[in-house]
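A quick write-up on the structure given underneath.
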Amino acid sequence: MRTDTGPGPADDAAVERVVGDALELAAIGAPTGDEGARGAAVAERLARLGLDPQQDAVGNVVVRLGDAGPALVVTAHLDTVFGPEIPLEPRRDGDRLLGPGIGDDTVAVAALLELARALREAPPVRPVVLAATVGEEGLGDLRGAKHLLASVPARALVALEGHLLDDLVVGGIGALRLRARYRGPGGHSWGDRGTGSAAHALLRAGAAALDAVPRGAHINVGVVRSGSTVNAIAEEGELLVDLRDDDDGRLRRTAQRVRDALERAPRGVHATVEQVGHRPAGRTPGDHPLVTTARTARAAVGLPPAREDAGSTECNAAYPLGVPAICVGITRGGDMHRTSEWVAIPPIAAGLGALLELVRRLDAAELGG
Ligand SMILES: [Zn+2]
């Protein structure tokens, strides 16, 4: 691919195609777990390029270029954090694109389409699999990326994130999510006094869970729900807890301690705790050809060296499988996960150019076993 021209920022026509696709796709709602309409729009665009996209069992839209061997897998996630109640109305304003999910991750899905177009014009030597994935955000638990990597043998994974142009994500912060539920008999706050309360159980268990986390590990109690009114003993309660650590072993040990704390409930109240997600921690070494090639590709299009750091991306699905993985960005922006989200248009030229250059170089690179 791009054998006709040397490396450099993408041309204006390519940037305009990305902008157009990003605006059209961002207008189609894609809450985690309900990505079908946006997935269909992506599949339609891939088919228009003369490719043969397939929808897999979990809803990823997948297209393979080349034979059935281990592939370079490139992903961008379809889903956003915005539910069906959020008006989308993406728009262009001067040098910016605005709208919920425009950067995370719609502009990256649009860049994936532009990559598909480039690979269609100049086919890669080794197999490449492009996938618009489901279930990256919220409690999606990387459902799409996990399923994809379980079904497609991969040489390496390159995940795309719209906002992260100045970053090269080479590691994954592990995340483990727990849901605790409390159920009691309820009753009148005075008439039934002494009866076990789901709200009281939840508060005590939640406080014990916060105390159970060792130094260096991180807990966020993201959701607390309980009770119906002030003078009733709460019948139900629910806590959603997010644990993070860059060491997967320590993450699991912390999770066990938190779990033990959450399972304690007074007489009359029943506690159940379940794991509702696990993004394993991991890292691709800085001297791995995948990482060094990403550095070279940036330099080739004139981008400054990236901040190399760990994050929480689809790469987390690759580490437990021993698949080298990085996450690269397409542009810069702000207000991620807010309805005021925006991305800048001018940097897309460099971000897209670096992506095309990265894939071209990885096509020729030995990535090891
Ligand atoms: Zn994202």
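Bear in mind that the values here come from a model prediction, so they are computed numbers and not experimental data.
- Using modelled atom types, one side-chain atom of T284 and one backbone atom of A325 make a donor-acceptor pair closer than 3.5 Å.
- The number of heavy atoms from other shown groups lying within 6.0 Å of CG (N231) is above 12.
- In summary, the side chains of D56 and Q54 do not present any donor paired with an acceptor at a separation below 3.5 Å, with no hydrogens or angles considered.
- The distance from the CD1 atom of I102 to the OG1 atom of T80 is 11.0 Å, given to the nearest 0.5 Å.
- By the side-chain hydrogen bond (donor to acceptor under 3.5 Å, both in side chains) test, R307 is found to be paired with D167, residues two or more places apart in sequence or in another chain being considered.
- Distance check: D246 CG to D309 CG gives 10.0 Å after rounding to the nearest 0.5 Å.
- When side chains are defined from C-beta on, V74 does not count as touching V129, because their heavy atoms never get closer than 4.5 Å.
- Put simply, the side chain of R64 gets close to the backbone of D67: a donor and an acceptor are under 3.5 Å apart.
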Practice item. For the pair L240 and V221, evaluate side chain to side chain contact (heavy atoms under 4.5 Å, CB included) and give the outcome as yes or no after the intermediate values. Key: CA-CA 6 Å; L240 277 173; V221 179; over 6 Å; no
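- V63 and L362 fall within a single hydrophobic cluster, where Ile, Leu, Val, Met, Phe, Trp and Tyr side chains are chained together by heavy-atom contacts under 4.5 Å.
- In the model, E314 has a side-chain atom that pairs as donor or acceptor with a side-chain atom of T75 under 3.5 Å.
- A 4.5 Å side-chain heavy-atom check between L97 and W342 finds every atom pair outside the cut-off.
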Review point. Between R177 and E274, does a salt bridge (Lys or Arg N to Asp or Glu O under 4.0 Å) hold up when you go through it step by step?
Key: CA-CA 9 Å; R177 279 84 186 250; E274 58 177 332; over 6 Å; no
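- No side-chain donor-acceptor contact under 3.5 Å links D93 to the backbone of R96.
- No single ILVMFWY cluster, assembled from side-chain heavy atoms under 4.5 Å apart, contains both V158 and V152.
- Neither L139 nor L176 shares a network with the other; the hydrophobic side chains, linked directly or stepwise wherever heavy atoms of I, L, V, M, F, W or Y lie under 4.5 Å apart, form separate groups for each.
- Distance CG/D242 to CZ/R244: 4.0 Å, rounded to 0.5 Å.
- Proximity of a side-chain donor or acceptor of S197 to a complementary backbone N or O of H200 within less than 3.5 Å is detected.
- When atom types are taken as modelled, the side chain of R155 and the backbone of D363 share no donor-acceptor pair closer than 3.5 angstrom.
- Clustering ILVMFWY residues whenever any of their side-chain heavy atoms sit less than 4.5 angstrom apart, transitively, puts V19 in a cluster other than the one holding L88.
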Exercise for review: Would you please test E308 and R295 for salt bridge (Lys or Arg N to Asp or Glu O under 4.0 Å) and show each step?
Suggested key: CA-CA 10 Å; E308 295 183 11; R295 288 185 198 125; 2.7 Å; yes
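- Between L160 and L112, some side-chain heavy-atom pair lies under the 4.5 Å cut-off.
- Of all the heavy atoms in N316 and G311, the pair that sits closest is OD1-O, 3.9 Å.
- The backbone N or O of V273 sits less than 3.5 Å from a side-chain atom of R259, completing a donor-acceptor pair.
- With hydrogens and angles left out, the side-chain atoms of N60 and H147 include no donor and acceptor closer than 3.5 Å.
- Side-chain contact between I330 and E161: absent, with no pair of heavy atoms (C-beta onward) separated by less than 4.5 Å.
- Cluster membership check: L303 does not share its hydrophobic cluster with V169, using side-chain heavy-atom separations under 4.5 Å among Ile, Leu, Val, Met, Phe, Trp and Tyr.
- Scanning all heavy atoms of the two residues, the minimum distance from G39 to L78 falls at CA-CD1, 3.8 Å.
- At a threshold of 4.5 Å between non-hydrogen side-chain atoms, the residues P70 and P127 do not count as touching.
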**Study point:** Stepwise salt bridge (Lys or Arg N to Asp or Glu O under 4.0 Å) test for R338 and E341
**Key:** CA-CA 5 Å; R338 298 201 181 109; E341 184 175 356; over 6 Å; no
**Study point:** Full working for side chain to side chain contact (heavy atoms under 4.5 Å, CB included) between V223 and R179
**Key:** CA-CA 9 Å; V223 175; R179 173 188 279 135; over 6 Å; no
Practice item. Show your reasoning for whether side chain to side chain contact (heavy atoms under 4.5 Å, CB included) applies to C327 and L164. Key: CA-CA 8 Å; C327 175; L164 298 184; 4.3 Å; yes
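- Residues P346 and D95 share a closest heavy-atom pair of CD-O, 3.5 Å.
- Side chains of T32 and D79: a donor-acceptor N/O pair is present below 3.5 angstrom, by distance only.
- Although no hydrogens or angles enter the test, the distance criterion places a donor-acceptor pair under 3.5 Å between the side chain of T106 and the main chain of G101.
- In this structure, the side chain of R298 engages the main chain of L165 through a donor-acceptor pair within 3.5 Å.
- Among all heavy-atom pairs drawn from D247 and G249, the shortest one is OD1-N, 2.9 Å.
- Summarising the geometry, atom CG belonging to L262 is positioned 9.0 Å from atom CG belonging to L202; distances are rounded to the nearest 0.5 Å.
- With respect to D248 and R250, no salt bridge is recorded, no charged nitrogen being found less than 4.0 Å from a carboxylate O.
- Under a cut-off of 6.0 angstrom, the local environment of CZ in R267 is sparse, with at most 12 non-hydrogen atoms contributed by other residues, nucleotides or ligands.
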Point to revise | Stepwise side-chain hydrogen bond (donor to acceptor under 3.5 Å, both in side chains) check, H218 with D245 | key: CA-CA 7 Å; H218 179 75; D245 206 306; over 6 Å; no
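- Between A310 and R283, the closest heavy-atom pair is CB-NH2, 3.9 Å.
- Counting heavy atoms from C-beta on, the side chains of H163 and T331 never come closer than 4.5 Å.
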Review point. Can you list the steps and then say if V73 with V323 is a side chain to side chain contact (heavy atoms under 4.5 Å, CB included)?
Key: CA-CA 10 Å; V73 177; V323 172; over 6 Å; no
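- Contact annotation: the side chain of L25 approaches that of L113 to within less than 4.5 Å [non-hydrogen atoms, C-beta and beyond].
- Taken from CG in L98 to CZ in R91, the straight-line distance is 4.5 Å, to the nearest 0.5 Å.
- E236 CD to Y182 OH: the interatomic distance, rounded to the nearest 0.5 Å, is 13.5 Å.
- For the pair D104 and E137, the minimum side-chain heavy-atom distance is below 4.5 Å.
- Side chains of H77 and E35: a donor-acceptor N/O pair is absent below 3.5 angstrom, by distance only.
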Point to revise | Derivation and outcome, salt bridge (Lys or Arg N to Asp or Glu O under 4.0 Å), residues R92 and E24 | key: CA-CA 11 Å; R92 179 182 196 148; E24 285 175 30; over 6 Å; no
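- Ion pair K146/D141 flagged as a salt bridge, since at least one NZ, NE, NH1 or NH2 atom sits closer than 4.0 Å to an Asp/Glu carboxylate oxygen.
- Of the possible polar contacts, one joining the S151 side chain to the L148 backbone as a donor-acceptor pair under 3.5 Å is found.
- Minimum heavy-atom separation, A271 to A265: CB-CB, 3.9 Å.
- The 12-atom threshold is exceeded at NE2 of H288, counting heavy atoms of other residues, nucleotides or ligands nearer than 6.0 Å.
- A donor-acceptor pair is defined here as one N or O able to donate and one able to accept, closer than 3.5 Å; no such pair exists between the side chain of R120 and the backbone of R117.
- Side-chain N/O atoms of R361 and T296 include no donor and acceptor closer than 3.5 Å.
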